[in-house]
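Quick one: the structure is below, and I'll ask about it shortly.
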2 protein chains.
Amino acid sequence: MGNLSEQISETLKTAILEQRLIPGTKLGERELAEIFGVSRIVVRQALIRLGTDGLVTIERNRGAFVAKPSLQEALEIYDTLTLLEQGVAMQLSERLDAAGWDKLKAHVALQAEAIDRGDHQAADELGQGFHTMFIALAGNRLLQDIHAQVVQRTFLLRSLYTSRFDYCNLLNEHTKIINLLERGRVKQAMELIDAHHRHVVRGYVLDTSEYPTVNLKDALRPELSGDNESQYLAATGT
Amino acid sequence: MGNLSEQISETLKTAILEQRLIPGTKLGERELAEIFGVSRIVVRQALIRLGTDGLVTIERNRGAFVAKPSLQEALEIYDTLTLLEQGVAMQLSERLDAAGWDKLKAHVALQAEAIDRGDHQAADELGQGFHTMFIALAGNRLLQDIHAQVVQRTFLLRSLYTSRFDYCNLLNEHTKIINLLERGRVKQAMELIDAHHRHVVRGYVLDTSEYPTVNLKDALRPELSGDNESQYLAATGT
DNA sequence: AAATCTATATTGGTATCCAATCTTGCGCTG
DNA sequence: CAGCGCAAGATTGGATACCAATATAGATTT
């Protein structure tokens, strides 16, 4: 049985990324401890982990809350994402072999299929996956981890701003980027990457409506039936 | 009295960055708890914080150790640093105003003075500071934080590989980068940034000698006001 | 000398307690 | 009736003591 506090931080992270826990939600130690059937200290350690990841903000003597990036921070997130992917684009245009390009093309093809099937969710995930794969091809683990962290924060924005994507358009841009890079037209590709992210940002419309305070136990139910069921049952028994 | 575990993680971080705690050093919970005069739990929380920062590696049931990056990881660190600074270089060449360029030039001048004085340490710190200021001028807090984290890891490398810098040369390169960017010669500047970091890496010579296991209390003595642990609280918090 | 077994130390975690601080709600005052 | 202040309750931050699991090291055996 591995690191309990890490397991719990992962569980919470998944819940946040899947938007079952929305920004601003209070993450009370005692409440989470009861829900997971562990001691408060393990929960606190998990929250500290999420805090350094930027998914949770911890206020002294007030507790932990799901992070709620400002519009300024949202722009910074996409600006950083652009910078990272532009940099990788430069590297790939010089170094990537045919197999690499094929891998990217195959991924785009998969997403195209999903769109044809009308599978909205799969198309979304594959769209995200494209960027991940793109970075991974650079072969720099540290860079990959950093990129993943920044991507995680974009999920916080999805709850704050209602997204209205045009998947076909985004997919088209992915294809264009590949083609431009493969032919060595780096500058155009980088501009397209920039435009691509701006496109995503424009897809976000500020949602002014107040979010209801979600019930933690309900939000975390999917996780608990999976790997923490004994603790969960014990918690409900009280 | 602020977050005790954060205070301690900062203290440890400083000690690591100043190479009083060298890579591979075991950071025993009980020992640190006694040294700082706190409970084991706060120490563990501090170690978790450093773990997510990459300055400490935690092995299950074995404990925490000052991180010891492999040569591969060392290359990745500098590769990432290059990518970040190249990206910022592109942004600055388009957006930075005269005041910004002046600020950079003034900083380089300061470093030149330090070199003239023969103040090795100040020159070193100012050299690092140049890169930090460079990133800060992009005005992206997230990017700045990410850069800072990567820079921190380079300090681990300094203990592992003996450095043999040529400060004048590095300083010269800083000046050149500024001039190139100000005149809009982005591509040349980016190549110079790449070369600059490779220059630093070449300055590192693998040091095969074994490091002695340092005594934790001795390594942390500068942070503590006296022999007794209880004085840590008096010295730091009010 | 090599391998195995045992003893001890360390980590991961729980339960309980306490101080400090934040929140809430009540009552008092103008 | 509105606004203020203060006390009660809740929550966090931390300490202490204790236990289980695991790793290290030392002792024993072959």
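Below, chains carry the letters A, B, ... as their sequence lines are ordered, and counting in each starts from 1.
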Checklist line | Spacing between A/Glu59 atom CD and C/dT23 atom P, to the nearest angstrom | finding: 9 Å
Checklist line | Spacing of A/Arg60 atom CZ relative to D/dG13 atom C1', expressed in whole Å | finding: 8 Å
Item checked: Rounded interatomic separation in angstrom, taking CG from B/Leu32 and P from D/dG14 -> 16 Å
Item checked: Gap between atoms CD and P, on B/Glu31 and C/dT11 respectively (whole Å) -> 9 Å
Next item on the list: Grab the two heavy atoms, one from A/Leu137 and one from A/Gly100, that are nearest each other, plus how far apart they are.
Entry: CD1-O, 4.0 Å
Next item on the list: Mind telling me whether A/His107 and A/Phe130 have parallel, tilted or perpendicular rings, with 30° and 60° as the class edges?
Entry: tilted
Next item on the list: Assess whether side chain to side chain contact (heavy atoms under 4.5 Å, CB included) is satisfied between A/Met133 and A/Leu104, documenting all intermediate values.
Entry: CA-CA 7 Å; A/Met133 175 180 290; A/Leu104 282 173; 3.9 Å; yes
Margin query: What is the separation between atom CG on A/Leu27 and atom P on D/dG13, rounded to the nearest whole Å?
Written below: 12 Å
Using atom names, set out every protein N or O paired with an N or O of nucleotides 4-10 of chain C below 3.5 Å, distance rounded to 0.1 Å.
none

Margin query: OP1 or OP2 of C/dT11 versus the side-chain N and O atoms of A/Asn3: is any pair under 4.0 Å?
Written below: no
Next item on the list: Using whole Å, report how far CZ of A/Phe36 lies from P of C/dG13.
Entry: 14 Å
Notebook entry, point to check: Closest approach of A/His147 and A/His131, non-hydrogen atoms and distance?
Noted result: CE1-O, 3.8 Å
Checklist line | Distance, rounded to the nearest Å, where A/Leu4 contributes CG and D/dA20 contributes P | finding: 17 Å
Checklist line | Side-chain heavy-atom pair B/Arg153, A/Leu142 within 4.5 angstrom cut-off | finding: yes
Note to self: Would you say A/Thr80 and B/Asn140 are linked by a side-chain donor-acceptor pair, where the criterion is simply a distance under 3.5 Å?
What the structure shows: yes
Next item on the list: Step by step, work out the side chain to side chain contact (heavy atoms under 4.5 Å, CB included) result for B/Phe36 and B/Leu4.
Entry: CA-CA 10 Å; B/Phe36 287 115; B/Leu4 206 35; over 6 Å; no
Next item on the list: List the steps, then state whether side chain to side chain contact (heavy atoms under 4.5 Å, CB included) holds for B/Leu156 with B/Lys68.
Entry: CA-CA 7 Å; B/Leu156 294 171; B/Lys68 202 173 180 176; over 6 Å; no
Margin query: Nearest 0.5 angstrom please: B/Tyr78 OH to B/His199 NE2, how far?
Written below: 11.5 Å
Note to self: In whole Å, I'd like the distance from the CZ atom of A/Phe65 to the C1' atom of D/dT12.
What the structure shows: 11 Å
Notebook entry, point to check: For residues 39-53 of chain B, which residues have at least one heavy atom under 4.0 Å from DNA chain C?
Noted result: B/Arg40, B/Arg44
